[in-house]
Peer 1: 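Dumping the structure here so I can ask a few things about it.
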Amino acid sequence: NMGLIKEAKEIDSLVESVKDTGGVYFVPAFGGLFAPYWRADATGLVCGLTQYSTKAHLIRAFVKAVCFQNMEVLDACAEDSGVKIQKLYVDGGMTASKQLLQIQSDLLDRPVVCPSDIETTSRGAAIASALSIGLW
């Protein structure tokens with residue numbers, strides 16, 4: 001933990017406080033770079049830092065990196081299947097960031113739809129597990 005934020009709810013206000021990343025770029029490859037590149041030897045990277053870079057620029061670069069990573073996977077799926085999504089349905093903790101959802105929608109030029117229950121994937125896994133052992 002680099003200590004840039006204490007809670008995820010700080011992300012949106014930081015992202016909103018700057019108009020762009022200020023030339024800061026981030027490659028989130030902490031354990032390798034996975035789909036669609038499959039490079040286990042890749043490592044994370046932050047570049048473009050200057051004396052004018054702020055915490056807000058870093059956080060915005062981190063958010064954009066996640067969105068670009070999603071876009072690359074969706075582009076690869078569309079290329080392989082010949083089907084381009086019309087909407088992206090999302091869930092999970094990161095969907096609490098309205099700025100992330102908007103940046104993702106802007107990059108994809110598609111609506112991003114978030115359910116009221118943002119933990120549907122984990123809830124579904126729990127239900128499937130309970131069903132498989134006869135709990136329900």
Peer 1: Salt bridge check, Arg60 against Asp20: does any charged N sit closer than 4.0 Å to a carboxylate O?
Peer 2: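 Answer for the salt bridge query: no.
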Peer 1: Rounded to the nearest 0.5 Å, what separation is found between the CE atom of Met94 and the SG atom of Cys67?
Peer 2: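 Here the rounded value is 7.5 Å.
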Peer 1: If you group Ile, Leu, Val, Met, Phe, Trp and Tyr by side-chain heavy-atom gaps below 4.5 Å, do Ile11 and Val46 land in one group?
Peer 2: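 Yes, it is one cluster - the side chains of Ile11 and Val46 are joined through contacts under 4.5 Å.
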Peer 1: Tell me the closest heavy-atom pair linking Ala96 and Asp12, and the distance in Å.
Peer 2: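 For Ala96 and Asp12, the tightest heavy-atom pair comes out as O-OD2, 4.1 Å.
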Peer 1: Quick one: CG on Asp109 to NZ on Lys84, what's the gap to the nearest 0.5 Å?
Peer 2: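 These two atoms lie 7.5 Å from each other.
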Peer 1: Decide whether Ile103 and Leu4 are clustered together by the hydrophobic rule: side chain heavy atoms of Ile, Leu, Val, Met, Phe, Trp, Tyr closer than 4.5 Å, transitively.
Peer 2: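 Yes: a chain of side-chain contacts under 4.5 Å links Ile103 to Leu4.
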Peer 1: Are the side chains of Leu49 and Leu58 in touch, meaning some heavy atoms are under 4.5 Å apart?
Peer 2: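 Yes, close enough: below the 4.5 Å cut-off.
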Peer 1: Measuring from atom CG of Asp75 to atom CG of Leu108, what distance do you get when rounded to the nearest 0.5 angstrom?
Peer 2: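 So the gap between those two atoms works out to 7.5 Å.
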Peer 1: If you group Ile, Leu, Val, Met, Phe, Trp and Tyr by side-chain heavy-atom gaps below 4.5 Å, do Phe26 and Leu33 land in one group?
Peer 2: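 Per the 4.5 Å side-chain linkage, Phe26 and Leu33 are not co-clustered.
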Peer 1: Can you find a pair of side-chain heavy atoms, one from Lys64 and one from Tyr25, that are under 4.5 Å apart?
Peer 2: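 Heavy-atom side-chain distance check fails, nothing below 4.5 Å.
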Peer 1: If you compare all heavy atoms of Gly22 against all heavy atoms of His57, which two are closest, and at what distance to 0.1 Å?
Peer 2: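 Scanning both residues, the minimum pair turns out to be N-CD2, 3.5 Å.
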Peer 1: Cluster partners of Phe34, using ILVMFWY side-chain heavy atoms under 4.5 angstrom, listed by chain and number?
Peer 2: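 When side chains under 4.5 Å apart are linked, the cluster holding Phe34 also contains Trp38.
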Peer 1: Would Val63 and Ile5 show up in the same hydrophobic cluster when neighbours are defined by side-chain heavy atoms closer than 4.5 Å?
Peer 2: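 As far as the 4.5 Å side-chain criterion goes, Ile5 and Val63 are connected within one cluster.
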Peer 1: Can you confirm whether Cys114 sits close enough to Asp91 that some side-chain heavy atom of one is under 4.5 Å from a side-chain heavy atom of the other?
Peer 2: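 Of all side-chain heavy-atom pairs linking Asp91 with Cys114, none is under 4.5 Å.
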Peer 1: Which pair of heavy atoms, one from Ser105 and one from Arg110, lies closest together, and at what distance?
Peer 2: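 Nearest heavy atoms, Ser105 then Arg110: OG-O, 2.7 Å.
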Peer 1: Quick check on the hydrophobic clustering: are Phe30 and Val24 connected, directly or via other members, by side-chain heavy-atom contacts under 4.5 Å?
Peer 2: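 Same cluster: Phe30 reaches Val24 through Ile, Leu, Val, Met, Phe, Trp or Tyr contacts under 4.5 Å.
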Peer 1: Please check if the number of heavy atoms outside Glu16 that lie under 6.0 Å from its CD is greater than 12.
Peer 2: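 Atom CD in Glu16 is packed in, count exceeds 12.
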Peer 1: Do Leu100 and Val66 have side-chain heavy atoms sitting under 4.5 Å apart?
Peer 2: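 Result yes, sub-4.5 Å side-chain heavy-atom pair found.
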